[in-house]
Amino acid sequence: MSLGELPSLKYLDIRQMENVERIGWEFCTLDPRVKAFHSLSSLFFEDMYRFSEWSGVQEGDFSCLETMFIGSAFELMSLPPVLFVSLRNFTLYNCRNVVTLPASTTLQELLISKCANLSELPALPSLQSLKLLNCPSLATVSQFPSLTVLHVCDPFKEEILQRLVNSHMMLEELHVESDTINSICLDPLKLPSLKNLDVRCPNLKSCNAFAGLTSLKILWIRCSPRLHIPDSLRSQLEELRLFASMAVKWAMDKLSSLLAPVNLMPVASSSSSSSSSQGLEDLRMLERTMRRIHATLVDAEEYWNIREESAKLRLKELKELAYGAEDVVEEYEYEVNRSRFVKANGACLEMAEWEELVGNSRDDAQAVLTSCVVQRMDNDEQCSEAGLVPVPNELAVRAKKLVQRFEEMKDYMKYFSISDQDGERRIVPDIQSTRDLGHMVAEQSIVGRESDKDTVIEMLMSGQGSNDASHISVLAIVGMGGLGKTTLAQLVYNDPMVFQSFDVRVWVYVSEHFDPRSLTKKIIVSVTKNSIDLSELVDLQERLAHEIWRKKCLLVLDDVWNERWDCWEILCKPLSAARQCNILVTTRNVAVARLVQTMPHFAMDHLSPDDSWTLFEKTVTVQGNVIQGNLVDIAKKIVEKCDRLPLAIKTLGSMLRYETNERSWIHVLESEIWDLDKQHDEVLPALELSYKNMPMHLKQCFVSLCLFPKDYSLDETEVIRLWGLLGILQGDEWNNEDEFGSQYYDELVQRSFIQISFGSGIMHDLIHDLACHLSGNEFFRLEGDKSVTIPQNARFMSIIDCHASVQFLAASHSLRAIIVLGDDYSKVTNAEQLFWNCKNLRVFSHSDRRILSGSNLDDALPRYISAMKLLRHLEWQWDAPSGIYPLINLHTFPDIRICRCGRSFNLRELKNLNKIMGRLRIIGLGNLSHVQDANEAQLMNKKHIQFLELNFSEMECHHSMPLQLDVNITPEEVRYENLQYQDSQQPENVTVPHNQILESLRPHEGLRGLRISAYNCQSYPRWLGDASFSKLTYIEINGTNKVMQQCVPTLGELPFLEYLRIGWMSHVEHIGREFCTRIPSNKGFPSLIRLEFSDMPQWSEWSGLDDGDFPSLCSLSISDCNQLCSLPSYRFSSLQRLDLVKCNVISIIPAGGTFTYIQIVGCYGLHTVLTQPSLLKMWLADCPKLGAVGSMPKLNKLDIYKCPNLTSVGIMPELNSLKTGSSLESDMVYNWIDRLTLLDYSYIWYNTLMGISTIPVLHNLNELGLLCCPGITEVPTLPSLSKLWIYRCPDLSVIGSLPSLTTLYLKDPLLKGEVLYSLLNDIDHPRLNCISILCETMMNLSLEPQRLCSLRKLRLSCANLQYCDGLSGFTFLEEIKIWGCPKLPIHSLLPRQLQSALDLRDRPALYIGAFDKQ
């Protein structure tokens, strides 16, 4: 059979058939009556170098082919002339003999690359995207009337470019790359739709039509230094405000979906119909306006640094329009959803009508209305009759006003813009044009970088990491903008020793555009000191290789941003011709450093406080002068403001040079750096440059960090949570937002926007100022104890340690997020006014339970929450308040707690809240009095819930907050009132059976995790364990001891269940076949990986397992099951880990072939562990009857404690790690250890070797711990020991030679003084590198530098230590940690050169390992 006859073949990839010359009819079919490849959608030919002819294709073949790729078919001259009737996407690559292509009426995307002889393109009426790369012979092109995207790259004929560009009216994107052309002629009249122009032409001097391209929104001018861009075009490209763009994009898409149903909803009268139609037209007009606003905001991103006041004003107004449009759209969406809920059973009567029916009492009216509305709500989101919902008049008016404001803005922009003809433009040079691009440096003006310079030179000259084949080594200097990376590189470059060490030195300023061709050319010019005319990359590489052949070269690449390995590889190719090439790179991005480095990068730090002051003094004063006395205190505060950043210090210092007026100094101190004289400010451009080079999502993440105060510890989890609440993170169907957030956090760390200090993130003060500056008034922090006016345009607000009142300039509903941060109590004294102005709030987060209860925010919120109908995220430290049912947009929901007091949340309020995402937790289901409440919750319709927790405990009432609705809320804002359920047939104190409640709370089948707690476990609903829950991977069921009969549910039929935990079923006695399945032919638990049973004291038998059950089970844990006598372990074909805890009847662990880890604790009846051929690790503890452990041929780690009757241990030839504890037979242990020839790790606890004074000589022992062993008196010579722990060994008196010892840990060792001195100074340990001592009683410590010449780290935490003799002689120490040693005069003991290595803390180390963690 030929491949073409395969009926279902959809994808075919043929490659590397180098000897195939012809493909004919036999490829398609051997039967001419059959149409070939009738299902094929994708076809690929690649690396078929002799393939020259393709024939035999008939009409009707390849009828479904949509994508075709032909690559590296050097001899192919033509393609089959038959029309491919479905072809949409075609790529022709490196086919140098193809002359033309067949015509196609369906082709939409065409890419042709490296086709040297292609001369003609036929008519392609559907073509939308054309990319021509390296097609020098193309001379004839037809019309492409649908073309919107054109990409042309060298070499090509200029007349072809002009013909393609100026003959396609639909063209929206144009990309041109050429090293030869010097002008481009564009006809604006023929390019009315052009929005995106990307030009990369180094020799381009003019483009005649820039001023006429009025539709242009995005302009990329790359590597085209000679091209002038008129200011009139620049003014079209506005500054971006990220969150406004995000808001309008969401609103635009949402409105499009809302305005596209099948038919209109019927209306009551002609007048109302006309009004509704007009309202819908207003919304459609708003949608079109939003698209224009969104395009303007997005297009402006690449030109974000335009700072004209007129541009700022327009941007401010556009942001207001964007947010206003989002509000209108969300409120209309709310009306659409609300209407769907009430539509099924007829229109809802207005409150006034009900008041007229039942009297003037509003409460009575609400009660009657409630009973009616509750019956009429339908939670089905798919309306049976699709139709448009009429637009409320108030929304229509607001939509019309927004459109009018936009039109007003357009008029303003048209008539009040300043053009080039109005006068010469004054331009402040940007950072790229003002920064020092060369290697010259005034070394006398540099402060505090001497040691950094020496370190970099040492690393650079070491040649570390250089490849023997290429002789290239690369060292990167990494740090945030303004630290002085370039200055440090200049110091290194000009160092006399460096100068003498290299034959050739080259300095190249790289910046954002990493073009290997231009960089290679710059290097050649620097080496030869002459200009060159070469343009081809190959020629340039050959010339460079010739110039540096067999020479020692130093290359400095300053300010590198490139993250592409292919570009870096191209640049480095000719450098391998050198005898040795050392490259020094400066960059702000750790990712760049990791890409290029051959050795660990040098992380640049800020100046020390003393050096910061010295630098400021040098900058601000004339030589020989000092700062005047009255200015010194102000000057110190200014230096502190700069936070040890050299660029900021020099910038502010230069502003105050020669300035003696105290008021000017105070002005600098109290002003933001951004508000100072822009002519002298280099800080903002330097830091903004890093921001500019970030992708959009990172810009959003960074700007939002201004909600945290300065010096706030940026815990990664808290930061990711903030991003999630603000809608920055976009998870996939698995909702893995945390994964994306962690990736974004790491990227900000790599780019130096966040610095890691003591395991937590922190922002430099000026980086924090940059975030605040970029955020404008959109982000606001409420902190301190003074009354604050919230800016009118504030959208996102954080509250941190606040005890203040708030004011609003006018009635404003601009706030979209309120996030409470910090550990302390925060209080807004007029919280009612705050929430009254939060009608459009989307986020309220106050979930930190460390905050004291009774916050006035908690008291006030429930009274206003029902009016916040756009609220999406509600996170707070209390349970869900009642009255929350109108909030149908809620995504994040607090815990639900059900009580009998009548004031708690009613499950019926969940009915219409179908957008709840993530986790939902319901506690106190044992208090539920009406099963109808559970039915009305309709959890089955909440398809976005991923984890559901149902707790059936009978909780006591703890309500202490007022949870009632505010009486001022109008019925238009809250349509569903007072959902309390009254049933005269059932008294309130009756409890509904658990299985009825669980049956009624059936979740959506997309659920991924389920936890059921305090359930009586007598019976289970039909849905639990149903195979339709195909995404359920996690189940935890915990029972209760309040009933006398229990059973386990049938869960083995769940196809993808991976984790199952069953516990607290006190009365389960037997688990049989029903646990796996009730269908005889089925195999149970096909995907289960981990199974846990706990706290089942009556469980005695586990049976009913068949071969094929649990095929994937890797881990089995059983704890507190004291009647279980045996395991069906022979049925588990994949079991690797077994945990048994407090299972007192199990007496033997049978031999198993798959176990790799066994842990047995507190099994008092266990007497034998049989041979386990695959076991790698085993933990045995508190097994008093254990007498025998079989041979373990692969065991490498064993921990064994409190097994006093253990007398027989089999052969363990691979054991290399052993921990032993108390109550073991000493002689047996000693003799056993003596046989362990491979042992390299051993910890002996609590005098395991009772009556034996030493341990065997173990030649391979690498690590030894002696912990609470008062009987041991001697440590023998251990030639391989590198790490030694000693804890409470008072009798230890003799310590042999330890020639390999590198690390010594002493924790309350209780050693005699002479033994301690000998251990530290006398015994043979020439490699000892680190000493850590944690001791309450030690008062004196003697160290001899000449005996500890390898010591580099000294860590002490000794509360009573007063003397440390010899410390001053350790000038070679690199780390000194003195924690909690208040009596030790450390500063007087340390020489000055060691002060920088000192880590001094008041708090003691709690354990030895703390020294290594911080």
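Computed from heavy atoms alone, side chains included, the values below leave out hydrogens, waters and symmetry copies. Residue indices begin at 1 and follow the sequence shown.
- A donor-acceptor contact shorter than 3.5 Å is absent between the side chain of Gln1045 and the backbone of Cys1017.
- A donor-acceptor pair is defined here as one N or O able to donate and one able to accept, closer than 3.5 Å; such a pair exists between the side chain of Ser1000 and the backbone of Gln996.
- The only option from Leu998, Leu928, Thr1040 that meets the side-chain contact (heavy atoms from CB on, under 4.5 Å) definition with Phe952 turns out to be Leu998.
- The backbone N or O of Ile1079 lies less than 3.5 Å from a partner atom in the side chain of Thr1077, making a donor-acceptor pair.
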* Steps toward side-chain contact (heavy atoms from CB on, under 4.5 Å) verdict (Tyr334, Ile888) -> CA-CA 7 Å; Tyr334 180 89; Ile888 58 179; 3.6 Å; yes
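- Shown here for Leu874 and Pro894, the closest heavy-atom pair between the two residues is O-CD, 3.6 Å.
- A salt bridge links Asp895 to Arg921: one of the charged nitrogens lies within less than 4.0 Å of a carboxylate oxygen.
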* To do: Go through Leu1140 and Ile1149 one step at a time and tell me if the side-chain contact (heavy atoms from CB on, under 4.5 Å) criterion holds.
  => CA-CA 10 Å; Leu1140 296 178; Ile1149 304 298; 3.5 Å; yes
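- Classification of Asp933 and Arg908 as a salt-bridged pair holds, one side-chain N sitting under 4.0 Å from a carboxylate O.
- In this structure a side-chain-to-backbone donor-acceptor pair under 3.5 Å is missing from Lys1219 to Tyr1201.
- Scanning all heavy atoms of the two residues, the minimum distance from Asn951 to Ser953 falls at OD1-OG, 2.5 Å.
- Residues Leu841 and Leu870 fail the side-chain proximity criterion, which asks for heavy atoms closer than 4.5 Å.
- A side-chain donor-acceptor contact under 3.5 Å links Gln932 and Glu936.
- A centroid separation of 6.0 Å or more is found between the aromatic rings of Phe844 and His873.
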* To do: Begin from the C-alpha positions of Val1189 and Leu1186 and carry the test side-chain contact (heavy atoms from CB on, under 4.5 Å) through to its verdict.
  => CA-CA 8 Å; Val1189 175; Leu1186 181 62; 4.1 Å; yes
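- Checking Leu950, Ile896, Val992 one by one against Leu925, the side-chain contact (heavy atoms from CB on, under 4.5 Å) holds for a single residue, Leu950.
- The only member of Leu1127, Val1141, Leu1091, Leu1138 that meets side-chain contact (heavy atoms from CB on, under 4.5 Å) when paired with Ile1118 is Leu1127.
- A distance of 6.0 Å or more separates the ring centres of Trp723 and Phe740.
- For the pair Pro1086 and Pro1111, the tightest heavy-atom approach, listed with the atom from each and the gap, is O-CG, 3.5 Å.
- Side-chain atoms of Asn1038 and Glu1036 form a donor-acceptor pair, as typed in the model, at a separation below 3.5 Å.
- For Asn889, the side-chain hydrogen bond (donor to acceptor under 3.5 Å, both in side chains) partners at least two apart in sequence or on another chain are Lys915.
- When each of Phe1085, Phe1110, Phe1075 is paired with Leu1105, the side-chain contact (heavy atoms from CB on, under 4.5 Å) condition holds for Phe1110 and for no other.
- For Asp1120, the side-chain hydrogen bond (donor to acceptor under 3.5 Å, both in side chains) criterion is met by no residue, not counting sequence neighbours.
- A salt bridge is defined here as a Lys NZ or Arg NE, NH1 or NH2 lying under 4.0 Å from an Asp or Glu carboxylate O, and Arg1137 with Asp1139 meets this definition.
- Here the side chains of Ile898 and Ile922 are in contact, with some heavy-atom distance below 4.5 Å.
- Inter-residue side-chain proximity for Lys942 and His1004 is flagged as unmet; no heavy-atom pair is nearer than 4.5 Å.
- Pairs passing the ring pair (Phe, Tyr, Trp, His ring centres under 6.0 Å) check and including a residue from residues 1038-1064, sequence neighbours excluded, read Tyr1034-Tyr1059.
- Atom CH2 of Trp1179 is surrounded by 12 or fewer heavy atoms from other residues, nucleotides or ligands within 6.0 Å.
- In terms of heavy-atom proximity, Tyr1164 sits nearest to Pro1184 at CD2-CD, 3.4 Å.
- The salt bridge (Lys or Arg N to Asp or Glu O under 4.0 Å) check on Glu1092 picks up Arg1061, Arg1090, with sequence neighbours excluded.
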* side-chain contact (heavy atoms from CB on, under 4.5 Å) between Ile916 and Leu910, intermediate numbers included -> CA-CA 9 Å; Ile916 297 175; Leu910 288 175; 4.0 Å; yes
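- The OG1 atom of Thr717 lies 7.5 Å from the CG atom of Asp738; values are rounded to the nearest 0.5 Å.
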* Before giving the answer on ring pair (Phe, Tyr, Trp, His ring centres under 6.0 Å), spell out for Phe893 and Phe905 the whole-Å C-alpha distance, their side-chain angles and the decisive distance to 0.1 Å. => CA-CA 12 Å; Phe893 204 82; Phe905 186 90; 5.8 Å; yes
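- At distances below 3.5 Å, not a single donor-acceptor pair connects side-chain atoms of Asp746 with backbone N or O atoms of Gln743.
- Residues Ser1013 and Arg1011 form a side-chain contact, since some pair of their non-hydrogen atoms from C-beta on lies under 4.5 Å apart.
- Of the N and O atoms on the side chains of Glu909 and Asn906, not one donor lies less than 3.5 Å from an acceptor on the other residue.
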Donor-acceptor contacts under 3.5 Å from residues 1095-1104 side chains, at least two apart:
{"from": "Trp1099", "atom 1": "NE1", "to": "Glu1101", "atom 2": "O", "distance (Å)": "2.8"}
{"from": "Ser1100", "atom 1": "OG", "to": "Glu1069", "atom 2": "O", "distance (Å)": "3.4"}
{"from": "Ser1103", "atom 1": "OG", "to": "His1070", "atom 2": "NE2", "distance (Å)": "2.9"}

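- Salt bridge Lys943/Glu1005: absent, no basic N to carboxylate O contact under 4.0 Å.
- Between Glu1058 and Thr1033, the side chains place no donor N or O within less than 3.5 Å of an acceptor N or O (distance only, hydrogens not considered).
- Leu1032 approaches Gly1009 most closely through the heavy-atom pair CD1-N, 3.7 Å.
- The two residues Arg1073 and Lys1083 have their closest heavy-atom pair at NH2-CA, 4.4 Å.
- For Gln1123, the CD atom counts as densely surrounded, since its 6.0 Å shell holds more than 12 non-hydrogen atoms of other residues, nucleotides or ligands.
- Side-chain N or O atoms of Tyr1020 include one that pairs as donor or acceptor with a backbone N or O of Cys1047 at under 3.5 Å.
- Under a 3.5 Å cut-off, the side chain of Thr1168 and the backbone N or O of Ile1148 do not form any donor-acceptor pair.
- Remark: Gln1046 pairs with no residue by the side-chain hydrogen bond (donor to acceptor under 3.5 Å, both in side chains) rule, at least two apart or across chains.
- With Ser866 contributing its side chain and Gly883 its backbone, the two residues share a donor-acceptor pair below 3.5 Å.
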